[in-house]
Amino acid sequence: MAAEGVLVSKELVTRSAEETEALAERLARGLFPGVVIALDGELGAGKTCFVRGLARGLDAVDPVASPTYTLMHEYRGRLPLYHFDAWMQGREEAFLEGGGAEWLDAGGVAAVEWAERVREHLPEERISVRLAHRRDAGRTVRIEALGSDPTTARAQRLAELVRTLSSQSASADAHAE
Amino acid sequence: MSELVLGIESSCDETAVAVVRAGREILAAPVESQVLEHARYGGVVPEIAGRSHLRVIRPLVDRALVDAHVTLDDIGCIAVTSRPGLIGSLLVGLSAAKGIAFVRGLPLVCVNHIEAHAYAATMESEGEHYPSLALVVSGGHTALYVARSPFELELVTRTLDDAAGEAFDKVAYLLGLPYPGGPSISKLATTGDRTAYDFPRCKPKRGKPAFSFSGLKTAVLYHLRGQDALAPTPPPDAIPDRADVAASFEEAAVDSLVAPTVAAAVELGLPRIHVVGGVACNRRLREKMKAAAAEQGLTALFPAPAYCTDNAAMIAGLGWHLWKAGRIAGLEADALAQ
């Protein structure tokens, strides 16, 4: 990821799976059609958990589960959410090349787990979410709005989304709940 | 009238054809696996799967008929998997089935792959099988259904995160064991101590049955890092207690399947449990499920390992019941991904 492509970057800390999910839910409230969310982080970092929060924020009724073996899951909500998983890199690449990439821009929101493995298939304008383990069992969540041209309306909208998200901390939110 | 059903299955990466009499007597059930073709990609590639099905389906139909010592003249009905699965793969089997049905003037029935898995548990034993609680557990599925008849399934719950088979594969990856992870872990587990580590079990919340394997996967990761989340994951050959980890993980994964399933059967007043799908091959799961069910006065039934994984005997078997119930499909029948 080229540093110059980063429009806005924020680092937040969540203290539990519930907080990670709540953070994703807040992000999802502002999502608009065509947004791709690239999720990275090692096994157990909370990628599927984050997608569950996105689904809740999009008012999706279908249960979220890992799509590692099923290529893609679709959840119906305010916007359709397309859930990809590139754990099996070669297979997901072949899927994306074979027409699966159409879902990235099908008027819904696409969430891609293990996104780094299929980065060349993702649009430059996207939201990157990197989840990392912390010693205290919490997670560090780095959220970035990415795009090569910061002047497009779309890039500005993505940047605004990430900027406003960072204005309230995950822990303050958890307290409010 | 012939009671023979020709079954065709092509929903994922196995092409399978079977000849089954009256829903249970399996005359032939050859399976052509594509595992080697997909191995270099680390999983099933839909395009490759579709083309591979196309290549083997015709010869496999011939082989099933020859193995069963019958010809198409002896067949009374064609049964085929129409959902769920990879569309490109399903269409190969569905088109082949439609072709045979049309040319031979035979009735066609469309079978739900999940329902057929659940039915597989009943094929090798006589007696009452319904109502039952079906646990469908594989790489892509972990779900409970109430089965009131061979083709009346109602979803009770499914996994909140990962499927059980996926957890086996991911832990196998951490331990440097080959794919698929289930058999690899089970083999190593036989040399380890199942009580070495107390990994977390998924517990039902508020009386509602639920499965979850994500926390277990993370617990194994943290264990390998010496409970320091930020430490690097050690390379597999630097893990001194691999067998104990495999054994303790398998025990926790099995308990996470057994406890919610038996609790749900008791709660729903169902006298029998059918455990099906690839993970139903797991010997420890078979032992513990049978024991836990017996403690509650319930019975637990498993298909033979060959009929736990994808096969066409279950398609022809369930197809016979659908045929007899008059659930004939038209030639316009569609394949559905879900």
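Hydrogens, waters and symmetry mates are skipped; everything else that's a heavy atom, side chains included, is used. Reminder, nothing fancy here: chain letters follow the sequence lines and each chain counts from 1. These numbers were taken from a predicted model, which means no experiment stands behind them.
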Visitor: Which pair of non-hydrogen atoms, one from B/Lys217 and one from A/Leu43, has the smallest distance, and what is that distance?
Guide: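 It is CD-CD2, 4.2 Å.
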Visitor: What do you reckon, is CD of A/Glu102 surrounded by more than 12 foreign heavy atoms closer than 6.0 Å?
Guide: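 At most 12 heavy atoms, drawn from other residues, nucleotides or ligands, come within 6.0 Å of this atom.
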Visitor: For A/Arg135, is it the side chain, the backbone, both or neither that has a heavy atom under 4.5 Å from a heavy atom of chain B?
Guide: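 Both parts, backbone and side chain.
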Visitor: What distance separates A/Asp85 CG from B/Asp162 CG, expressed to the nearest 0.5 Å?
Guide: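 Going from the CG atom of A/Asp85 to the CG atom of B/Asp162 covers 9.0 Å.
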Visitor: Which one wins on heavy-atom pair count under 4.5 Å against chain A: B/Ala229, B/Ala231, B/Gly85?
Guide: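 Among the listed options, the one with the most contacts to chain A is B/Ala229.
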Visitor: Under a 4.5 Å cutoff for heavy-atom pairs, which residue among A/Gly44, A/Cys49, A/Ala132 has the most contacts with chain B?
Guide: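 The answer is A/Gly44.
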Visitor: Any non-hydrogen side-chain atom of B/Glu166 less than 4.5 Å from a side-chain atom of A/Trp87?
Guide: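 B/Glu166 vs A/Trp87: side chains apart.
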Visitor: Taking atom CD as the centre, does A/Glu124 end up with more than 12 heavy-atom neighbours from other residues, nucleotides or ligands that are less than 6.0 angstrom away?
Guide: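 Counting other residues, nucleotides and ligands, CD of A/Glu124 stays at 12 neighbours or fewer.
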Visitor: In terms of heavy-atom contacts, does CZ of A/Arg76 have more than 12 from other residues, nucleotides or ligands at under 6.0 Å?
Guide: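 Result for CZ/A/Arg76: open.
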Visitor: Under 4.5 Å heavy-atom distance to chain A, tell me which part of B/Asp228 shows up: side chain, backbone, both or neither.
Guide: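 Looking at B/Asp228, just its side chain touches chain A.
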Visitor: Check this for me: B/Tyr173, atom OH, are more than 12 non-hydrogen atoms of other residues, nucleotides or ligands nearer than 6.0 Å?
Guide: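 12 or below, so no.
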